[in-house]
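Contents: one structure, followed by commentary.
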Amino acid sequence: MFFEKRIINDQAYIYRVEYVGKGKKVRSYLGNLRDLEGDVLDEVNTYFERKQNKKEFKQTGNYTTFLESDMVIENFKFGDMWLVAQIEKMVNLVSIVDSVLNKRKRVRLATTGLFFLLASINRLLDPNSKNKMVDWLKSYALDHIFNIDDKIDPTQFTSDAYWHQWNSITENQLKTISDIFLAKCCEIAGVSNSSSASSFDTTNYYLFMASETASKLAKRGKNKQRRDDLRQFGLAALADNDTEMIMHYNVFEGSTHDSKVLNENLGEMIDQARKCGKDNILFIFDKGNNSEENFKYIDEKEGVNFITSYSPNNITYLMLIKLDKYEIVDCKYNNEIDQEISKNTKNTDILNKKKILAYTTFQELWGKIRKVVVVYNPDNAKKQKIHNEENIEKLRNWIIEAKVKVKENAIGYTTKQSVVNLYKKQARKCHISSDIFELSFNEENGLKLNFRKNNSCLNELERKYGKLVIISGNIKLPTEKIVQLYFDRYVIEKIFRQTKDSDCCSVWPVYHRTDLKIRCHVFCAIVAYSYYRLIELKLRKLIPLKTGKYFIDKMSGVLMNRIKYVALNMRNREIYKLSKLDSEQKSIISEFNCDISDNNIVTK
């Protein structure tokens, strides 16, 4: 092994070069000399001067190669995991896990809590398989990140070790751990009874599990990522709209209907939401969760109410009401349009036509009088009209082709019923009602197909463009608030998108083969998202409108350099030094009440 010093634009860059056999060399970048300061810089310069004086180098242009090196410089990742470790100090997941499992700390052996923590950090920073955990942990300066008495040995965290650790946990213990953890995170985030509402929804994740492997969770069904060829499991979650923190989650069988999932989780969600500080609970969910049984349960619970959407097909008479009966809603979207109008008065009429309108009435639904709000969005109406016209045209073209096939007596087009079945199947693919076209058949001189548009059905479809029906269980709630609260349901969708981000907080990849391991794996992803969101809440005052990913990426540039002298006269001395920090990195460190001292980060 030897070093190369390259002078590029008057800057000195150091590379370590190693022979890997058969004359092949591997060159790795170690750092810029300008990052070294004080005594360390003096020692490094002295080292290079000594090598030059002894003529133990080879000069090639701007490249200086130093032979028979007695100094090793290594770079370890530091900043991003340090940032997560500061959140861990506030939450203390390790203690929560170990206290529930009654695990005593053993010398030089990591506890189950530490296994969970490091797996969760991996989900947050660099989601990958447990087989890669050891190498990933070795790339970090763990002993400088976590204040633990015993050194963390990365070689302990193998895939087999995770299997044995998670195999010792029961499903009830994991649920207790997750409830305590989420309640603690919500307390730190400031979830309280004054929070506006709680959004509920479900999603699913595919996993790579063989068909013959026994599992209650992994089932085949309609996958949201269009991986119907793989087995999947579902995730239901309840989140606070104000803080965007998860208050409750549950992993369920992959092919279960949403309304059934809500019914099975309602009791637990109400209890957990109250543990998180919400006495009055307002559930926001979509029409896929609607069922008589669910609303009956909510109505019987004191301090619990709901806002949901409703299919326009079940309330068609409201679609006939003309738009001049609708009123402009006081919501964020319309307020943004008003601000734009104040800046540009020339487009006032155009912008006013974009405003969201609402019509309010009351109707008995699910055994009680409910407040019904029909919301009209002009922009959505235009988009839906264009989209449906394209799909109608696709269906029309298919019918024209089918006419030719019927005339030619092609296979599958020989009978009325077979043609009608194929037509309905194609209509479903185009997401259009099969009533849009009326098919007729003439059997004189062979089967012939004719068709025409159903104008009454088309008019009924056009009346629904841009309209959303919202139902509120609380009839005293103002229309404006009902509309805005339902629009804020995007929070839960945002959380699900984050858990499907391959770079940060991802549930994928999932290679586990038992239900318990899948539940443990998902819990790690929930921990990762909770820490991600707490980072955002902690630092959003420092740099507004930035995501947790921005802060993590910013701190990932902070490295821990280890300079090791292996010569006898140096007595194997090691020096640890942080890479040079920019102003934002220093501000982030300062926000956690920390400062830089002796080339390390310490609490003030």
Side-chain angles (χ1 to χ4, degrees), residues 97 112 115-137 157-175 177-178 201-237 246 248-262 264-265 268 288 492-493 495-529:
V97 174
T112 306
F115 271 84
F116 268 108
L117 174 62
L118 294 181
S120 302
I121 295 175
N122 176 257
R123 291 287 102 198
L124 175 55
L125 303 181
D126 185 20
N128 55 43
S129 166
K130 300 296 183 294
N131 287 325
K132 299 179 181 179
M133 279 292 290
V134 173
D135 291 336
W136 181 74
L137 290 172
F157 300 91
T158 62
S159 178
D160 288 343
Y162 268 99
W163 179 273
H164 291 300
Q165 288 285 346
W166 288 358
N167 211 35
S168 63
I169 303 172
T170 66
E171 191 175 324
N172 288 334
Q173 286 176 326
L174 183 62
K175 185 182 181 308
I177 290 168
S178 63
D201 206 353
T202 65
T203 189
N204 53 43
Y205 304 86
Y206 62 81
L207 72 165
F208 302 96
M209 181 185 285
S211 298
E212 60 271 15
T213 303
S215 173
K216 291 182 179 179
L217 291 178
K219 302 292 181 182
R220 296 194 186 277
K222 185 174 176 59
N223 187 263
K224 294 190 176 182
Q225 289 73 48
R226 300 182 180 179
R227 291 304 304 266
D228 297 347
D229 57 314
L230 297 175
R231 298 171 77 177
Q232 65 184 22
F233 62 89
L235 176 66
I246 297 175
H248 177 272
Y249 80 95
N250 187 34
V251 182
F252 62 90
E253 185 180 312
S255 58
T256 310
H257 193 273
D258 287 359
S259 61
K260 185 178 178 181
V261 175
L262 177 61
E264 292 172 349
N265 286 272
E268 291 182 3
I492 193 68
E493 300 290 349
I495 291 172
F496 286 150
R497 282 197 299 271
Q498 189 62 58
T499 62
K500 295 179 181 183
D501 184 343
S502 58
D503 295 329
C504 187
C505 304
S506 179
V507 170
W508 293 312
V510 186
Y511 297 110
H512 297 286
R513 302 190 300 276
T514 67
D515 291 351
L516 181 59
K517 308 301 184 303
I518 292 171
R519 293 183 187 279
C520 291
H521 179 89
V522 173
F523 173 65
C524 291
I526 297 296
V527 173
Y529 173 78

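Just so it is clear, the values below take in all heavy atoms, side chains as well, and ignore hydrogens, waters and symmetry mates. Nothing fancy with the numbering, it's 1 onward along the sequence.
By the salt bridge (charged side-chain N to carboxylate O under 4.0 Å, His left out) test, Asp229 is found to be paired with Arg227, residues two or more places apart in sequence or in another chain being considered. Residues passing the side chain to side chain donor-acceptor pair (under 3.5 Å) test with Arg220 are Ser211, sequence neighbours excluded.
A heavy-atom distance below 4.5 Å is not found between the side chains of Tyr529 and Asp501. At least one side-chain heavy atom of Arg123 sits under 4.5 Å from a side-chain heavy atom of His521. Counting heavy atoms from C-beta on, the side chains of Asn265 and Phe252 never come closer than 4.5 Å. In this structure the side chain of Tyr205 never reaches within 4.5 angstrom of the side chain of Val522, judged on heavy atoms. With a 4.5 Å cut-off on side-chain heavy atoms, Leu207 and His512 do not count as touching. Within the 4.5 Å cutoff, the side chain of Phe115 has no heavy atoms near those of the Cys520 side chain. Glu171 places none of its side-chain heavy atoms less than 4.5 Å from the side chain of Asp515. Side-chain contact between Trp166 and Lys130 is present, with at least one heavy-atom pair separated by less than 4.5 Å.
A donor-acceptor pair is defined here as one N or O able to donate and one able to accept, closer than 3.5 Å; no such pair exists between the side chain of Asp258 and the backbone of Asp201. Within the 3.5 Å criterion, the main-chain N or O of Ala210 finds a donor-acceptor partner in the side chain of Arg231. Of the possible donor and acceptor atoms, one in the side chain of Asn128 sits under 3.5 Å from a partner among the backbone N and O of Asp126.
Residue Ser120 holds its OG atom at 10.5 Å from CG of Leu125, rounded to the nearest 0.5 Å. Interatomic distance, OG1 of Thr203 versus CD1 of Ile495, reported as 12.0 Å (0.5 Å rounding). Distance check, rounded to the nearest 0.5 Å: OG1 of Thr256 to CG of Leu262 gives 13.0 Å. In this structure, CG in Leu137 is found 9.0 Å from CD1 in Ile121, a value given to the nearest 0.5 Å. To the nearest 0.5 Å, atoms NZ (Lys500) and NZ (Lys224) are separated by 6.0 Å. For the atom pair SG (Cys524) and CG (Leu124), the distance works out to 11.5 Å, reported to the nearest 0.5 Å.
Between Phe523 and Tyr249, the ring planes lie parallel to each other; the angle is under 30°, not in the 30° to 60° tilted range.
Heavy atoms only, all atoms of each residue included: Ala236 and Thr202 are closest at CB-CG2, 3.8 Å. What you find for Ile492 and Ala237 is that their closest heavy atoms are CD1-O, 3.6 Å. Of all the heavy atoms in Ser506 and Ala525, the pair that sits closest is O-CB, 4.3 Å. Between Gly221 and Asp228, the closest heavy-atom pair is O-OD1, 3.4 Å. Heavy-atom minimum distance, Asn131 versus Ser159: OD1-CB, 3.2 Å. Of all heavy-atom pairs spanning Asn223 and Gln232, the tightest one is ND2-OE1, 2.8 Å.
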Problem - Derivation and outcome, side-chain contact (heavy atoms from CB on, under 4.5 Å), residues Ile169 and Arg519 - result: CA-CA 11 Å; Ile169 303 172; Arg519 293 183 187 279; over 6 Å; no
Exercise for the section: Check the pair Trp163 / Thr514 against side-chain contact (heavy atoms from CB on, under 4.5 Å), numbers first and verdict last. Expected result: CA-CA 10 Å; Trp163 179 273; Thr514 67; 3.8 Å; yes
Practice task
Test side-chain contact (heavy atoms from CB on, under 4.5 Å) on Phe157 and Asn122 and set out the steps.
Solution key: CA-CA 12 Å; Phe157 300 91; Asn122 176 257; over 6 Å; no
Handout entry: Residues Gln225, Trp508; criterion side-chain contact (heavy atoms from CB on, under 4.5 Å); working and verdict
Key = CA-CA 12 Å; Gln225 289 73 48; Trp508 293 312; 3.5 Å; yes
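Around NZ of Lys132, the count of heavy atoms belonging to other residues, nucleotides or ligands within 6.0 Å does not exceed 12. Atom NZ of Lys517 has more than 12 neighbouring heavy atoms from other residues, nucleotides or ligands inside a 6.0 Å radius.
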